[in-house]
Structures are given as structure tokens and as C-alpha cells.
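First comes the structure, then the notes that go with it.
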Amino acid sequence: LSDEMFEPSLEVKFRLACNVAMTVFDLHSKGIIHGNIAASNVVFFDQQSAGTKDEDALSKINVRQAFLTSFDLFPDYTSRQEASDVDSSEMFLYRSPIDPRVTNLTVLSHDSRSLDVYSLAMLLLEIGLWTPLRDIFPPHLGIPDDTTPVYKQVAARCGTKYLTAVKTCWRAVDEEMSSVSRPEVALQKVYGRVVQALESCCMIEDGLEEEEISEVNSLLPTPRMTEQNTKGSEATAPNVTAGWPKLNEQQRAMDVLSN
């Protein structure tokens with residue numbers, strides 16, 4: 001994210017964003033809260049071509065397929081650790097102002113799935129602008145009350161459909177708080193709107209020919225290019241890893257909505 005030279009094409013960013021969102025929603029459908037969604041916890045793996053050890057034969061990193069790591073399995077312990085960590089301000093950018101790890105003045109619990117969805121909004125923002133969250137919102141300033149300038153950037157770079165997905169995730173906590181129905185019902189509507197918006201974004205890739213897709217893939221960063229980022233991801237040891245197979249996207253969307 002910190003190097004514009006390695007920014008993938010728009011359709012690749014859309015697919016990455018859609019797959020990450022699908023994974024979060026799939027976890028929620030299984031009753032699992034990630035609790036620690038951030039760019040530093042999204043990793044990619046190099047895949048070596050079969051039958052060769054030549055570094056030049058390493059396959060390109062599949063930016064469309066990422067893995068979520070470092071689940072927050074012990075939120076109470078994590079909160080205490082972050083309270084004494086001078087570098088935790090950047091992580092707090094991913095958390096809602098009424099997250100119990102941010103303030104005691106909240107009715108939400110660590111099990112509120114909308115907190116994950118809020119963090120997902122920040123991650124989608126980073127993917128869309130291909131810029132670290134700390135550069136979008138400096139930690140010492142925090143997230144401003146007026147986010148219109150950022151919304152305009154997202155709309156200009158990624159279109160209104162992608163902006164809809166970002167804003168819907170961003171407002172998930174408010175949706176849960178203001179809903180007269182059960183939180184699960186309100187969040188199901190959020191999931192549906194986000195999935196629909198991101199799937200619409202991904203449709204631009206459906207019209208590409210196989211040769212055009214191969215050309216897009218050839219523009220993606222190679223393992224050698226991303227060596228520094230790969231080493232950086234090793235600093236955070238994952239507790240659990242969640243990924244997704246190459247399934248039909250529409251079917252996955254229906255599975256999420258039906259749960």
C-alpha cells in the first residue's frame with residue numbers, strides 16, 4: 001500500500017475487496033468474530049511453479065486471493081496491552097469510536113459483529129485508494145467528523161458503487177444501534193448492500209477476454225518486488241488463518257445472504 005508503483009488495476013482491487021468482505025461475512029455467519037481487521041493482518045503467499053526452484057519461475061502473487069490472520073481471540077487482554085502500547089494509535093483508526101476497546105462509555109460488547117464491519121470499511125478504504133490508513137487519517141489527528149473529502153476521493157478513484165460499500169460498512173455500528181429489530185437482522189441488510197455493491201464493481205472484469213485478464217495479471221507485483229512487504233507480514237504471527245477457495249462469487253454471495 002505504501003508504494004504506488006505496485007498498485008494493481010482497478011478490477012483486481014475490486015476483486016480483492018470483494019473477497020475480503022465475503023470472508024468477513026462468512027466468518028460472521030459461522031458465529032466467528034475476527035476482532036482485529038487491519039491491513040497488517042491481510043497477507044499474501046508466494047506460490048512456486050511446480051518442478052522448478054528457479055526464483056525467476058516463481059508465479060505472480062495472486063492479489064485477488066488474500067488471507068486474514070491474527071484473530072483477536074482474547075479481546076480483554078488485547079485491550080490492556082494496547083493501552084500501554086505507544087504505537088497502538090494507528091490500530092485504533094480501524095476501530096469505531098464506541099468500540100469497547102476504545103471507550104468504556106458504550107453499550108456494545110466485544111461480540112458485536114458491527115465492529116468488524118466498521119474495521120472492514122477502513123480496510124476497503126485503503127484498498128480503494130491504495131494508501132495506508134495512517135496516511136489517509138494521521139493517527140495524531142484521528143478520523144475527522146467531516147469525511148466528505150475522503151468520500152470524494154473514493155468516488156473519483158473507484159466509482160459510486162465502491163463508495164456505497166465503504167459507506168455502508170462505515171455506518172454498520174450506527175445501523176445496529178438505531179435498529180428496532182435484532183442486531184442480526186440489521187446486519188443482514190448491511191451484508192446484502194455491501195455484497196451487491198462490490199459484486200457490481202467486479203462485473204467490469206466479467207467482460208474481459210482471457211488474454212486481457214492475463215495481461216492484467218502480468219502487471220501485478222512479483223514476489224521479488226514485494227519481498228519487503230512479505231518480511232513485514234512475518235512480524236505478526238497469525239493465531240488462525242481464514243482464506244477462501246476459488247468459488248463462484250455469486251454462489252458465495254447467496255450463501256452469505258441465506259445464513
Side-chain angles (χ1 to χ4, degrees), residues 1-4 7 13 16-17 20-21 24 33-42 68-72 74-158 160 162-179 183 186-187 190 194 229 232-233 235-236:
L1 289 175
S2 59
D3 196 330
E4 294 181 357
E7 181 174 355
K13 290 197 293 184
L16 170 61
V20 170
V24 174
I33 309 296
H34 187 282
N36 203 24
I37 296 174
S40 59
N41 296 331
V42 178
L68 287 177
T69 67
S70 301
F71 287 55
D72 189 3
F74 307 101
D76 293 334
Y77 175 77
T78 303
S79 299
R80 291 195 298 270
Q81 287 293 99
E82 289 182 345
S84 60
D85 186 355
V86 295
D87 297 325
S88 64
S89 58
E90 184 176 335
M91 189 62 206
F92 272 82
L93 290 174
Y94 291 93
R95 293 177 178 162
S96 166
I98 57 175
D99 189 309
R101 291 166 294 185
V102 175
T103 178
N104 293 324
L105 304 176
T106 181
V107 296
L108 297 177
S109 69
H110 295 294
D111 295 329
S112 296
R113 292 181 294 172
S114 61
L115 299 176
D116 262 2
V117 182
Y118 180 94
S119 300
L120 176 62
M122 301 298 109
L123 185 55
L124 294 181
L125 191 63
E126 289 182 290
I127 294 173
L129 299 179
W130 207 251
T131 304
L133 196 59
R134 64 178 179 275
D135 293 339
I136 302 173
F137 304 119
H140 67 284
L141 297 177
I143 297 178
D145 294 331
D146 183 12
T147 56
T148 303
V150 175
Y151 285 163
K152 289 182 177 179
Q153 290 183 52
V154 175
R157 292 279 297 274
C158 303
T160 54
Y162 192 87
L163 176 60
T164 296
V166 172
K167 292 171 70 172
T168 302
C169 289
W170 205 321
R171 297 168 179 169
V173 173
D174 294 334
E175 289 277 351
E176 179 178 343
M177 296 285 291
S178 61
S179 176
L187 285 177
V190 169
V194 174
N229 291 339
S233 68
T236 304

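Scanning both residues, Val194 and Ala165, for their nearest heavy atoms gives CG2-O, 4.1 Å. The heavy-atom pair separating Phe92 from Arg101 by the smallest distance is CE2-O, 3.3 Å. Considering every non-hydrogen atom in both Ile37 and Leu123, the closest pair reads CG2-CD2, 3.9 Å. For the pair Ser114 and Val173, the tightest heavy-atom approach, listed with the atom from each and the gap, is O-CG2, 3.6 Å. In terms of heavy-atom proximity, Pro138 sits nearest to Ile136 at CD-O, 3.8 Å. What you find for Tyr118 and Pro97 is that their closest heavy atoms are OH-CD, 3.9 Å.
When the side chain to side chain donor-acceptor pair (under 3.5 Å) test is applied to Asn104, no partner is found at least two apart in sequence or on another chain.
Counting only distance, with no hydrogens or angles, the side chain of Glu126 and the backbone of Leu133 share a donor-acceptor pair below 3.5 Å. Of the possible polar contacts, none joining the Ser112 side chain to the Leu108 backbone as a donor-acceptor pair under 3.5 Å is found. Distance alone, capped at 3.5 Å, is enough to place a donor-acceptor pair between the Asp116 side chain and the His34 backbone. A side-chain donor-acceptor contact under 3.5 Å links Ser119 to the backbone of Leu115. Remark: the backbone N or O of Leu124 is paired with a side-chain donor or acceptor of Tyr162 at under 3.5 angstrom.
With no hydrogens or angles considered, no side-chain donor-acceptor pair links Asp111 and Ser109 at under 3.5 Å.
A side chain to side chain contact (heavy atoms under 4.5 Å, CB included) with Ile127 holds for exactly one of Val166, Val42, Leu16; it is Leu16.
Taking 4.0 Å as the cut-off between side-chain N and carboxylate O, Glu176 and Arg113 do not count as a salt-bridged pair. A salt bridge between Glu7 and Arg157 is present, with a side-chain N of the basic residue lying under 4.0 Å from a carboxylate O of the acidic one.
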